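Step one of this worksheet: look at the structure below.
One-based numbering, in listed order, for ligands and for the atoms of each. The first residue of the sequence shown is numbered 1, and numbering continues consecutively from there. No experiment lies behind these values; they were computed from the predicted model shown.
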Amino acid sequence: MASMSLEKNRIKFLLLEGVHPSAIATLNSAGYNEIEALSGSLDEDSLIEKLKGVHFVGVRSRTQLTERVIASADKLIAIGCFCIGTNQVDLPAARRHGIPVFNAPYSNTRSVAELVLAEAIMLARGVPEKSMKAHRGEWQKSAAKSWEVRGKTLGVVGYGSIGSQLSVLAESLGMKVKFHDVVTKLPLGNAEQADSLEELLRESDIVTLHVPETAATQDMFGAAQFSQMKSGAIFINAARGTVVVIDDLVAALKSQHLGGAAIDVFPVEPRSNSETFESPLRGIDNVILTPHVGGSTQEAQENIGIEVALKFAKYSDNGTTTSAVNFPEVALPEHHNSHRILHVHKNVPGVLAAITDVLSSNGVNITGQYLQTAEDIGYVVVDVEHGQGSKALDKLSSIEHTVRCRVLF
Ligand code: NAI
């Protein structure tokens, strides 16, 4: 597929599932105004029909972008998931068609960090248990086992975006922060990287998980880890449900080895709000249970709208694919005095040489070149002297193994 860049007012965006208005505002300020926004999602056939002539589609979690949908979308150049997860999109199929998929993995970092900090304070004061009792008419007025968090040690397992943000907030409350991470990380503030997970568990008054879901983190917290924690310590998991062996957590709570817990994510979660939530943690007074809402705030929704819309605008304006989840990532500078050719091809030997050959044998002067590959796809971006882009487009599109080729003026 070969295409010349269009005027901005001819580039069509379709946003489904009530994406936050911040997305439209962001696209408008980047000069894009051909935007249709629908409140619901569409089934496969309606989506195929609706995507005709659309260049960018934005979805949340309900719209399924299957191989059939992607293959039939004649003009589609990028997909945006206005959320964190991307499993509603057939990512390999999108890649094979030369279509990058963007999402917003870090828009809700602050929301999670705030919730965890609030839970740490509530649990340190025994509030969940006192509140449950008060609901049942019991009056537990006592300072026993009720602590300030000031001066206490917060153990952060996984010092990434959320863990490090939380670390800064916790220090501002006067907490000490220890963290454990598989990677050596630059500590923020006065936080210290523990030599081992065992050391962190031994020394922390509150342990909170912020690791991703991987084979290595599956069941990472079970009986052995809980027994290494201080007696009366607090445990928080707002990462992923598969990281914790829930029955072992229940045992550590029922034996009163742990002082309390806050759990936002579960190994099995209801698929919709109409399903019943089942968990052996239900009914334990000193446990805060929340329905995977760590990152669910209005601010996060607004940030997601801005983040994905900016990625759309950057890709449209200059070909940048940074943070695409299925596609070679290239961060590109502006290209004011040159034409930019975006060439997506199958990642087989010889294509780059063929591109260079075509350009040099046609007297096209290259002013910049960027290359990145991801699995079965290669992405070459070539800046050529102003005026030479259209000359090169047809020739480059006919190179064997080309998936798509686009010129930006
Ligand atoms: P991130 O990728 O920025 O940080 C993860 C950190 O964990 C990295 O520093 C990484 O090196 C470290 N890590 C990876 N494997 C590890 C291991 N085996 N042991 C120790 N450290 C390890 O991710 P981010 O954005 O901070 O998210 C963390 C978790 O929070 C993820 O599981 C994510 O799915 C979850 N999350 C939950 C939300 C909710 O609503 N409850 C919302 C947003 C994220």
Side-chain angles (χ1 to χ4, degrees), residues 60-61 81-88 102-120 154-170 177-188 191-201 204 207-222 224-225 228 235-246 261-271 273 277 279 281 287-304 307-308 322-323 325 329:
R60 291 173 68 189
S61 56
C81 297
F82 285 76
C83 50
I84 316 293
T86 51
N87 51 11
Q88 67 281 40
F102 300 103
N103 67 340
Y106 302 120
S107 297
N108 56 11
T109 298
R110 172 68 183 222
S111 306
V112 180
E114 280 192 17
L115 180 68
V116 168
L117 197 59
E119 289 174 335
L154 178 68
V156 177
V157 181
Y159 199 67
S161 306
I162 297 172
S164 56
Q165 170 99 216
L166 172 64
S167 159
V168 172
L169 297 179
V177 177
K178 278 245 164 184
F179 66 87
H180 165 73
D181 201 292
V182 276
V183 177
T184 303
K185 295 269 177 153
L186 178 72
L188 299 182
E192 285 174 22
Q193 185 150 13
D195 290 336
S196 63
L197 179 59
E198 292 71 25
E199 181 194 310
L200 177 141
L201 298 178
S204 300
V207 172
T208 180
L209 306 189
H210 300 289
V211 290
E213 181 173 44
T214 65
T217 61
Q218 170 96 34
D219 296 342
M220 185 180 178
F221 267 72
Q225 287 67 37
Q228 285 160 4
F235 178 75
I236 302 177
N237 182 19
R240 279 294 175 265
T242 52
V243 182
V244 177
V245 182
I246 294 291
I263 307 296
D264 186 47
V265 287
F266 304 87
V268 180
E269 295 177 3
R271 281 187 302 268
N273 285 357
F277 165 63
S279 171
L281 289 162
V287 177
I288 300 176
L289 296 175
T290 45
H292 201 149
V293 290
S296 306
T297 61
Q298 290 305 306
E299 288 85 350
Q301 290 304 315
E302 185 177 348
N303 292 341
I304 286 170
E307 187 175 335
V308 181
T322 313
S323 86
V325 294
E329 290 187 57

Identify the two heavy atoms, one from C81 and one from V308, that lie closest to each other, and give their separation to 0.1 Å.
O-CG2, 3.6 Å
Can you find a side-chain donor-acceptor pair between S107 and E307 that sits under 3.5 Å?
yes
Spacing of I246 atom CD1 and N237 atom CG [to the nearest 0.5 Å]:
7.5 Å
For residues T242 and T217, determine if any side-chain heavy atom of one lies less than 4.5 Å from a side-chain heavy atom of the other.
no
Do F235 and L209 touch side chain to side chain, with heavy atoms closer than 4.5 Å?
yes
Residue pairs passing the salt bridge (Lys or Arg N to Asp or Glu O under 4.0 Å) test where at least one lies in residues 106-118, sequence neighbours excluded:
R110-E114
Near ligand 1 (heavy atom, under 4.0 angstrom), the protein residues are Y106, N108, V112, G158, Y159, G160, S161, I162, H180, D181, V182, V183, K185, H210, V211, P212, T217, M220, A238, A239, R240, D264, V265, H292, G294, G295
